[in-house]
Amino acid sequence: MLPLHPAIFRRLCDVTTPDQTDTDQTERHSGDLAPQYVPGEVETRRYQGWVDSGYFTADASSPAPSYTIMIPPPNVTGSLHIGHALDHTLIDALVRRRRMQGYNTLWLPGTDHAGIATQNVVERELAKEGLSRHDLGRTEFVERVWQWKGEYGGKILGQMRRLGDSVDWTRERFTMDDGLSRAVQTIFKRLFDDGLIYRAQRIINWCPRCMTALSDIEVDHSDDDGELVSIRYGDGDTEVVVATTRVETMLGDTAVAVHPEDPRYTRLVGKTIELPLTGRRIPIVADPHVDPEFGTGAVKVTPAHDPDDFEIGRRHDLPSLVIMNERGVITASGPFEGLDRFEARPAVLAALREDGRVVAEKRPYVHAVGHCGRCGTTVEPRLSLQWFVKVGPLAKAAGDAVRDGRVRIYPAQLAARYFDWVDDMHDWCISRQLWWGHRIPVWYSADGEVRCVGPDDERPGEGWTQDADVLDTWFSSALWPFSTLGWPDDTADLRAFYPTSVLVTGYDILFFWVARMMLFGLYAMAGAGADESVPFRKVSLHGLVRDAHGKKMSKSRGNTVDPLDWITRFGADATRFTLARGASPGGDVALSEEWVVGSRNFCNKLWNALRFALINGAKASPGGDTLQPSDLGSLSVPDRWILSRLGSVIADADALFDEFEFAKVSDLLYHFAWDEVCDWYLELAKPALNGDDPAAAELTRRVLGHVLDQLLRLIHPLMPFVTEELWTALTGGESVMIAAWPSGLVTAGEAESDDTRSATTPAADPAAEAEIESLMRLVTAVRRFRADQGLRPTQPVPAVFDGIGATLLAPHERSIRSLLRLTEPGDGVAFTPNASVEAESITVELDTSSGIDLAAERRRLEKDRALAVADAEATERKLANSSFVDRAPAEIVAKSRARLAAAQAEIARLDERLATLPQAAGQ
RNA sequence: GCCCGCUUAGCUCAGCGGCAGAGCACCCGCGUGACAGGCGGGAGGUCGGACGGUCAGCACGUCCAGCGGGUACCA
């Protein structure tokens with residue numbers, strides 16, 4: 001029995017290769033890589049090595065310029081989901097690149113206490129024991145939450161190791177750490193003293209389930225079906241019809257309002273009218289807020305249960321009648337008392353109908369209804385005493401910082417949304433009726449005195465009680481860029497790392513978090529000056545992760561991707577690369593297993609490219625100085641070509657990284673590595689590597705080593721593990737993580753003197769690029785011909801290369817034979833140099849004596865001719881147009897002329913070929 | 001209601017004034033020496049619709065349609 005090629009054997013048996021094997025990968029050493037990259041073991045080993053090496057740790061006393069990114073702190077209750085994976089991939093790529101460029105990098109990790117979310121989790125735990133938080137009491141409950149946090153919180157931090165996040169573990173923070181609490185109290189007191197925090201009776205968004213106030217952005221609006229009911233108030237002469245979607249609130253009406261200039265009602269303004277079902281009489285007031293065009297031009301006014309009505313009430317000094325409690329249950333005495341708000345609505349309507357008060361009903365009536373962002377319960381506007389931040393001056397500053405370019409938003413178009421919000425921001429309700437969170441540092445005395453207590457102030461004694469509420473969780477998040485660095489103290493970290501360099505996050509929290517960091521950062525750090533007070537210099541916003549069809553991922557749809565699952569099955573690098581490849585600025589990322597398989601394959605491609613290089617003795621050094629300037633004079637054309645391409649890829653990659661174009665930079669590196677380095681360069685290098693010229697072989701080994709060395713450095717930020725494994729094997733260096741970034745862009749002064757940051761990548765070489773492109777065209781042409789003819793790759797091709805191609809490519813005969821797998825000289829390929837031929841195209845002459853498929857060849861030639869004719873005609877028409885010739889730029893016209901000439905030459909060539917092509921057999 | 005995106009190959013998306021591109025999927029071939037998680041070849045689009053400006057439009061302008069998102073105090 002003949003030995004089978006392993007691949008064929010696998011195919012015959014339909015044996016799939018396991019995604020992960022726990023074979024003897026650890027035994028491997030350089031130059032002896034396994035044929036497949038198995039990520040699992042490499043990742044744990046490498047990550048621990050990185051942590052141990054201390055390279056993740058920032059140095060506040062370093063003279064190097066710093067580069068700081070704060071993690072968007074995930075909820076302590078959270079675990080790593082695909083959105084975090086995306087965010088972290090992008091951040092880590094930025095940080096790793098800067099680290100390689102010599103910056104003093106800090107990526108600071110940590111978690112958020114996440115008020116409501118965490119409280120809910122612990123309350124659920126308690127419920128299992130049949131307890132509520134009230135059974136424990138506040139102190140014990142909060143103690144329980146801390147306990148829970150100690151045991152289960154911060155799981156995500158451990159999971160970040162799997163992704164390869166190069167965070168500074170020595171600087172981990174939590175929004176309720178002592179230091180951060182101090183920051184919260186400090187800024188609260190400062191805002192309070194500046195009159196920017198106040199307490200007031202206001203209509204706020206209330207969630208009757210969570211039993212707490214919510215800020216505007218914690219409320220999601222949706223268009224819900226409702227019912228618009230018109231009700232007749234009063235009788236006879238003083239009759240007014242009002243419309244409402246919330247019938248039950250009429251129990252709390254304290255007025256009817258009309259527009260001051262509405263002639264229909266002028267005679268009624270100032271009079272009172274009877275409110276149905278209640279027997280109360282309420283005034284008719286004139287208020288410019290009322291739109292006379294809408295409905296009957298008269299509105300019912302319920303100051304305690306509607307934000308607009310509250311304002312009207314204030315203007316007219318109307319009483320606010322609260323008819324509902326914090327659970328949404330009617331408290332107004334009478335037949336409806338004790339009914340839930342949704343039961344009360346039909347009940348009140350029925351009573352009105354019975355009373356003959358209902359004039360018209362319109363259903364369904366679509367209108368916007370607010371829902372609690374956390375639990376979905378319909379939000380109730382509720383009059384209550386809350387704390388607010390007066391955002392006016394803060395928001396102005398936050399808008400200006402972006403307007404004048406101190407903070408740049410990527411992509412720029414999202415800045416419009418930022419302005420929309422910041423320029424018209426309502427005061428921020430910051431008090432929450434929860435137990436878990438930063439307690440409001442305000443104390444009240446029995447006789448109504450109010451005292452705001454700073455972190456270093458003495459607590460008020462006997463007779464004083466602290467405000468029971470806690471702060472909105474975003475209050476402390478807003479301080480994150482500086483509270484994590486030790487503010488309010490003037491620490492070395494704060495001086496070294498603030499302002500942070502970039503904020504990377506999803507556009508979905510632009511308002512929640514980004515805008516509020518702007519508010520507080522600019523305020524708290526104002527002393528640093530306009531340029532230095534910003535919390536970050538750039539904001540890079542990415543989109544949401546979606547499934548392969550652009551649908552939102554959700555558990556109920558069953559289309560979620562678990563990053564940990566992907567990391568286990570395909571590796572962290574493949575997972576990261578897949579995310580990076582999809583991440584265009586502000587754009588959503590569509591994911592499916594197909595993509596990650598492709599990325600895994602890419603890892604393996606790199607792996608095998610390096611395997612090839614090591615087998616062939618490629619040389620590279622950790623300093624990146626494998627190639628000496630003296631080498632450049634004796635390079636072969638393929639070597640010159642790939643170095644030229646490398647140089648341009650480095651420049652492009654740099655520009656793309658700077659613009660946060662992760663998808664593009666990934667694509668660029670993918671194609672350069674796969675299409676150019678692997679598919680062409682490695683093949684072109686083979687003859688030299690295996691040839692009999694030792695000097696040429698040695699030089700190519702160095703070029704190969706250099707190119708792969710630089711390539712691995714470029715890819716490392718995106719795929720840290722494989723690149724580390726391969727780079728250390730190739731160069732013998734300690735870690736690619738601290739190898740110099742190829743562009744060598746480093747601010748003077750912080751590079752080590754023996755650090756060769758300007759690697760020997762020569763300038764662009766257009767001649768070599770053109771020559772290799774010709775070679776590629778020729779090789780492709782022969783391959784196509786061979787495929788059309790149904791010939792095997794190793795089967796001799798009965799062709800003669802003619803024309804300029806032959807002249808140009810004669811020196812590459814060996815490469816061409818190698819690429820086309822033509823091992824025997826005299827197998828039908830002949831190079832016939834002829835310097836007088838000027839046609840640009842490369843022609844392949846058929847050796848008509850051999851038995852090729854003439855009919856197929858004729859069809860192919862005819863098709864090519866048709867295309868050439870169409871092209872020539874179109875170009876000719878264009879050139880016949882005098883406007884074009886006169887007005888288009890000269891280079892464009894020249895290009896068109898050249899194109900026409902080429903097309904005509906092509907036609908002539910094809911005609912000749914067709915004329916000399918023998919008739920197919922049988923004719 | 002207002003604002004903003006998107007609409008290009010079967011799918012997901014690049015391209016944003018001068019020859020329609022990528023990945024995956026698809027078809028054909030491959031006992032190939034780094035890799036079958038591979039190699040070579042191929043097919044596939046009048047760039048949502050209608051007008052308009054330009055020597056030149058997939059790209060710019062106006063309008064329309066479909067989809068997505070943001071935001072809002074229309075009772």
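Note on naming: letters A, B, ... go to the chains in the order of the sequence lines (proteins, then strands), and numbering restarts at 1 for each one.
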TODO: Give one of base, sugar-phosphate or nothing for A:His671, where a contact means two heavy atoms less than 4.0 Å apart.
DONE: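 Since only primed, P, OP1 and OP2 atoms lie under 4.0 Å of A:His671, the category is sugar-phosphate.
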Whole angstroms only, please: what is the [atom1]-[atom2] distance between [X] and [N]?
X: A:His221; N: B:rG69; atom1: NE2; atom2: P; value: 16 Å
X: A:Asp423; N: B:rA72; atom1: CG; atom2: P; value: 14 Å
X: A:Asp309; N: B:rC74; atom1: CG; atom2: C1'; value: 12 Å
X: A:Leu879; N: B:rC55; atom1: CG; atom2: C1'; value: 11 Å
X: A:Leu656; N: B:rG15; atom1: CG; atom2: P; value: 11 Å
X: A:Arg783; N: B:rG42; atom1: CZ; atom2: C1'; value: 14 Å
X: A:Leu689; N: B:rA34; atom1: CG; atom2: C1'; value: 12 Å

- [ ] Hey, could you give me the CD1/SG distance between A:Ile204 and A:Cys429, rounded to the nearest 0.5 Å?
- [x]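 Reported to 0.5 Å precision, the distance equals 6.0 Å.
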Please check the phosphate of [N] (OP1 and OP2 only) for any side-chain N or O of [X] closer than 4.0 Å.
X: A:Arg611; N: B:rC35; value: yes
X: A:Trp595; N: B:rA22; value: no
X: A:Asn881; N: B:rA56; value: no
X: A:Arg784; N: B:rG42; value: yes
X: A:Lys664; N: B:rG15; value: yes
X: A:Lys686; N: B:rU32; value: no
X: A:Lys878; N: B:rC19; value: no

According to the Watson-Crick and G-U wobble definitions, with both distances under 3.5 Å, which nucleotide is paired to [N]?
N: B:rG38; answer: B:rC30
N: B:rG23; answer: B:rC11
N: B:rC16; answer: none
N: B:rG66; answer: B:rC6
N: B:rU71; answer: B:rG1

TODO: Would you mind telling me which residue lines up with the more 5' stretch of RNA chain B, A:Asn608 or A:Ser584, judged by nearest nucleotide?
DONE: A:Ser584
Task: Out of B:rG37, B:rG70, B:rC73, whichever nucleotide has its closest atom nearest the side chain of A:Arg600 - done: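 From the listed options, B:rG37 comes nearest.
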TODO: State which of B:rG69, B:rG23, B:rA34 makes the closest approach to the side chain of A:Arg417.
DONE: B:rG69
Task: Stacked cation flag A:Arg546 on A:Trp595, 6.0 angstrom / 45 deg - done: no
For nucleotides [N] and [M], find the distance between their [atom1] atoms and express it as a whole number of Å.
N: B:rA75; M: B:rC4; atom1: C1'; answer: 28 Å
N: B:rC16; M: B:rG61; atom1: P; answer: 15 Å
N: B:rA72; M: B:rC67; atom1: P; answer: 24 Å
N: B:rC13; M: B:rC58; atom1: C1'; answer: 15 Å

Open item on the list: Within the structure provided, determine whether A:Val869 and A:Ile907 are in side-chain contact (heavy-atom separation under 4.5 Å).
Closed with: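 In short, these two side chains touch, coming nearer than 4.5 Å.
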TODO: Flag the pair A:Phe612 / A:Leu704 as yes when at least one side-chain heavy-atom distance between them is below 4.5 Å, and no otherwise.
DONE: yes
